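These notes concern the structure reproduced below.
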Amino acid sequence: MTTTSYDEVMISLGLEPSTSKQAKCGTPSGYNRHYRLGEAPCQDCVDGRAAYRQARRAAPKDPSRLPSIAHGTSRGAHQHWYRNEPPCDACRAAYNTACRPAKQADARRRRAATRPASLPQRLTPAA
Ligand SMILES: [Zn+2]
Ligand SMILES: [Zn+2]
């Protein structure tokens, strides 16, 4: 389907892009080729695709590829969570003081604003 995105990821992982006409077994392209030919993927392709998916999942969370965390800000707290780690004290404190009370106040304001002045008269649809 989207072979270009496969290729981009393969390149970004330092692997060979699947530009060759004959997709090699053990690659996501090879896996797809089996399906295009209407056959079950071979073990090489099953293993290759699993490794590829694992690498792709892990790649965006590689700290060297992410911008450094803005510690001491609520954004920093989100950056910690994005890395699957608990926020440091500075980030947690910033998030608690800056972000959460604002959200709660906002929700209270919204609830008060959207409370209907009068309920709709006809709630039952015609059967
Ligand atoms: Zn194969
Ligand atoms: Zn932090």
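In this text, all values refer to a predicted model and were calculated from it rather than measured experimentally. Atoms within a ligand are numbered from 1 in the order they appear, just like the ligands themselves.
Rounding to 10°, one obtains 110° for the angle at the Zn ion (ligand 1) between SG (Cys25) and SG (Cys45). Expressed to the nearest 10°, the angle at the Zn ion (ligand 2) joining SG in Cys91 with SG in Cys88 is 100°.
Side-chain heavy atoms closer than 4.5 Å link hydrophobic residues (I, L, V, M, F, W, Y) into clusters, and following such links, even through other members, never connects Trp81 to Ile69.
Taking the Zn ion (ligand 2) as reference, the nearest N/O/S atom within His71 carries the name ND1.
Contact of the Arg92 side chain with the Pro86 side chain is registered, since non-hydrogen atoms from C-beta on lie closer than 4.5 Å. Under the 4.5 Å side-chain criterion, counting only non-hydrogen atoms from C-beta, Arg49 is not in contact with Pro41.
Atoms CD and CZ, on Glu39 and Arg33 in that order, are 6.5 Å from each other to the nearest 0.5 Å.
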